[in-house]
Protein chains: 2
Amino acid sequence: MTDKKQQLIQTALHLFYTKGAGQVGINEIISTSGVAKKTLYAYFASKDDLILACLRERHDVFMAWLCDELEGANDIKSTYFQLFSALDKWFNCKVPSLAQFRGCFFINTAAEFQEYNPDITAYCAYHKNQVKALLNRHLQGGSQQELERIFTLSEGAIVSAFMLKNSDIAKSFLR
Amino acid sequence: MTDKKQQLIQTALHLFYTKGAGQVGINEIISTSGVAKKTLYAYFASKDDLILACLRERHDVFMAWLCDELEGANDIKSTYFQLFSALDKWFNCKVPSLAQFRGCFFINTAAEFQEYNPDITAYCAYHKNQVKALLNRHLQGGSQQELERIFTLSEGAIVSAFMLKNSDIAKSFLR
DNA sequence: TTTAAAGTAGACCACTCTGTCTACCTACAT
DNA sequence: ATGTAGGTAGACAGAGTGGTCTACTTTAAA
């Protein structure tokens, strides 16, 4: 992984996440990153290809963070508590690696691309399934219903925190 | 409200909802609706203005439907049951007035526009608050926590049904 | 010192987009 | 009958898009 490639991914991810992938043009990415357009197209076949790379990058960072936050949780109660404690930190911008909270990058991107680019929406779905699988690993012996409930509640919290600018919503599930 | 104006709103809403507002151009709207471009700009100041009109239209239709579905619910249990029964019908495309399920129009649109157009995101937030207020009216005497829980769970269900193409998710909260 | 790989700057192409404008066409009330 | 309001068709401007290409520069290994 070259220096320039990483530089492009970092810059693009930041812009895509804060403004929405559709609102950010290639020219903005190259001028912000200071990398030439030719170099961008040497590493990425298209803008969509770059978006996919950003989704993968975000997925890796997000999963690493969430894995860490859920460490040690081994039943419904502890998983539930640690999950919403983690979300609360995220919503209140206390997790530097996730950048300033602007909702879920995958939900936002999937909403923009709908079925225009199936690869992108498929990757967004993949991410959500991975999160769900991680939760399932911690809910040892928990029912499928419990998993569905905790996952869906966290999805709703992310969306609500973003749309209603209610960054303290996760707290209401901690009591 | 003129004939042509309604025609434009209906056509635009359908296209915006199924493809995403950003993916639909003015030219597609006029050619699909059979209304001249000049007429469109006689009724709407800009594309964003038309999007706002579509959000308002969708809000009216959606609230009328939800109001109806929640009729008679007067405690936590009945509200919860009627809400998720309604969502299940929506997800499985059994509500003609809401058109084929493609997630929440307001969440999708807010995700696309982020802060690029504050009027649009503000209206999307307004819609969610109205839904929440409606639920609150049915949860007579219910705690704020119960309201937050049921609202957030339904938001999560809408997002999950769309992203994971899991149209039966609402059923798992009925048992 | 030479050579090749990797990068830069930015002109350029073909296309799309929103929004404006001209020219013409009804329908109908006065 | 004529004027007016409301409509159509579509050319057009101006800005912006993703992506390609040429020409030049830097870097570093052989």
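By convention in this document, chain letters (A, B, ...) are assigned in the order of the sequence lines, proteins followed by strands, and residues within each chain are numbered from 1.
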B:Lys38 side chain near C:dA23 phosphate (N/O to OP1/OP2, under 4.0 Å): no
Interatomic distance where CZ belongs to B:Phe44 and P belongs to C:dT20 [whole Å]: 15 Å
Along DNA chain D, first and last positions that approach a heavy atom of chain A under 4.0 Å: D:dG18 to D:dT22
For the student: nearest non-hydrogen atoms of B:Trp65 and B:Ala86, plus distance: CZ2-O, 3.4 Å
Close residues, residues 19-29 of chain B, relative to DNA chain D [heavy-atom separation under 4.0 Å]: none
A:Glu155/A:Lys132 ion pair, N-O < 4.0 Å: no
Which residue lies more 5' along DNA chain C, comparing A:Lys37 with A:Tyr43 via nearest heavy atoms: A:Tyr43
Intermediate values then yes/no, side-chain hydrogen bond (donor to acceptor under 3.5 Å, both in side chains), B:Glu57 and B:Gln10: CA-CA 8 Å; B:Glu57 171 71 16; B:Gln10 294 304 330; 3.1 Å; yes
Close aromatic pair by centroid cut-off 6.0 Å: A:Phe62 and A:His127: yes
Side chain B:Ser31, main chain B:Glu28, donor-acceptor under 3.5 Å: yes
B:Ile158 side chain near B:Phe91 side chain, heavy-atom distance below 4.5 Å: yes
Plane angle bin for A:His59 and A:Tyr126 - parallel if under 30°, tilted between 30 and 60°, otherwise perpendicular: tilted
A:Gln144-A:Glu148 side chain donor-acceptor pair, cut-off 3.5 Å: no
Beyond-backbone contact of B:Leu70 with B:Arg137, side-chain heavy atoms, under 4.5 angstrom: no
Neighbours of DNA chain D within residues 48-57 of chain B, by heavy-atom distance under 4.0 Å: none
Atom CD of B:Gln140 with >12 non-hydrogen neighbours under 6.0 angstrom: yes
B:Leu40 CG to C:dT20 C1', straight-line distance once rounded to whole Å: 13 Å
